[in-house]
Number of protein chains: 2
Amino acid sequence: MALMLKDIYTRLLERGHKLTPQRWAIIAIFLMNRGRHLSADDVFAMLRETHPNNGIATVYRTLELLEEIDVLKKLDFGDGRARYEVRDDDNHHHHHLVCQQCGKITEFEDDLLIALEAAIHKKTGFQITEHVAKFYGVCAECQQKAENG
Amino acid sequence: MALMLKDIYTRLLERGHKLTPQRWAIIAIFLMNRGRHLSADDVFAMLRETHPNNGIATVYRTLELLEEIDVLKKLDFGDGRARYEVRDDDNHHHHHLVCQQCGKITEFEDDLLIALEAAIHKKTGFQITEHVAKFYGVCAECQQKAENG
DNA sequence: ATAGTAAACGAGAATCATTCTAAATACAAG
DNA sequence: CTTGTATTTAGAATGATTCTCGTTTACTAT
């Protein structure tokens with residue numbers, strides 16, 4: 001099921017953290033932008049609109065905290081900055097398709113990697129806890145543009 | 001087949017690059033350390049042993065150049081620095097297993113991801129040119145240590 | 001061989017995302 | 001209210017990477 005505010009609140013309190021206005025605002029930004037992959041600077045810019053005197057350091061700390069309590073998932077698309085997305089219980093196995101033309105990032109659901117993980121464990125004894133899979137190429141739209149151009 | 005010095009020499013000259021002693025030395029470092037994943041700093045340290053007055057900027061420039069001509073493959077293990085390995089013609093589909101305990105990186109050969117790429121193209125029209133797959137977990141040795149400790 | 005020219009070099013400054021520090025503030029519990 | 005702890009801000013620090021610029025070098029054509 002989708003992650004709710006109540007869950008986040010509970011997780012924070014369980015670990016002895018406070019629900020400050022800054023954290024509240026940053027959580028809201030992510031909940032209002034589900035499906036997007038926000039960088040610290042993206043969040044900072046959005047936060048500034050409503051909280052003009054928030055510091056960037058707080059954004060970084062909050063992102064780190066939200067990752068620790070499994071609210072956010074840290075992503076790396078190789079563009080030199082970390083990005084984050086909401087980690088719902090039901091989005092556990094989607095992969096990212098990065099278009100090298102327009103930079104757009106789409107998602108793809110598939111559990112084929114589970115089979116691969118099983119094969120790896122069988123052959124090497126390696127116990128996998130997490131995987132990262134990214135695919136680089138050209139999205140359907142950019143292919144069409146290239147044909148028509 | 002394995003990448004030879006002659007191939008590298010040819011590729012450099014074809015594109016109008018010069019074969020300087022510095023480049024020669026850096027190429028040699030990679031050929032003498034096949035299978036390892038060297039960072040710019042690793043290369044710099046090794047280079048210093050024989051060429052004490054080489055600059056780090058040259059290392060970065062050379063790594064970039066060698067990547068451009070497909071001699072090296074740039075890797076990102078999420079430790080905040082880029083790493084490089086020799087890109088042989090025959091190592092096209094190995095994945096990296098990163099042990100979260102000891103940091104060791106092992107490799108695993110498998111073409112299962114090809115099937116996944118086909119599935120993605122069929123469903124989304126996305127034309128994939130490259131993929132990155134990394135698996136994080138605990139290697140067999142660290143598991144044993146944990147059991148015995 | 002020699003000189004000309006573009007490429008490459010070294011040293012250090014600059015950049016950029018991220019992390020740390022120090023001092024100030026807010027919150028929860030007694 | 002007071003005290004201890006968590007959190008915040010602003011700015012400095014960090015660390016990998018890139019840029020700049022004056023100098024040097026490898027290749028080319030004389």
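For D:dT8, one of the phosphate oxygens OP1 or OP2 lies less than 4.0 angstrom from a side-chain nitrogen or oxygen of A:T20. In this model, the phosphate group of C:dA26 is not approached by any side-chain N or O of A:Q22 to a distance below 4.0 Å at OP1 or OP2. The shortest distance between the side-chain N/O atoms of B:N54 and the OP1/OP2 oxygens of C:dG10 is below 4.0 Å. Phosphate proximity of D:dT18 to B:Y60: absent, as no side-chain N or O sits under 4.0 Å from OP1 or OP2. Distances shorter than 4.0 Å separate some side-chain N or O of B:R23 from OP1 or OP2 on C:dA8.
A side-chain N or O of A:H37 and one of A:E107 form a donor-acceptor pair less than 3.5 Å apart.
Between B:F77 and B:H96, the gap from one ring centroid to the other is short of 6.0 Å.
Note on A:P21: nothing from the nucleic acid sits closer than 4.0 angstrom, heavy atoms only. Within 4.0 Å (heavy atoms only), A:N53 reaches sugar-phosphate atoms of the nucleic acid but no base atom. Nucleic acid contact for B:L19: sugar-phosphate only, since backbone atoms but no base atoms lie under 4.0 Å from a heavy atom of the residue.
Between D:dT8, C:dC9, C:dC20, one nucleotide has an atom nearer to the side chain of B:T58 than all others, and that is C:dC9. Residue B:K18 places its side chain closer to C:dA7 than to any other of C:dA7, C:dA17, C:dC9. Of the candidates D:dA6, C:dA17, D:dT17, D:dT17 carries the atom nearest the B:A40 side chain, counting heavy atoms from C-beta on. Checking D:dT7, C:dC20, C:dA11 against the side-chain heavy atoms of A:A57 singles out C:dC20 as nearest. Of the candidate nucleotides D:dT8, D:dT7, C:dT18, D:dT7 has the atom nearest to the side chain of A:H17.
Using cut-offs of 30° and 60° for the angle between ring planes, the A:F108 and A:H95 rings count as tilted. Under the 30°/60° scheme for interplanar angles, the aromatic rings of A:F30 and A:Y84 are found to stand perpendicular.
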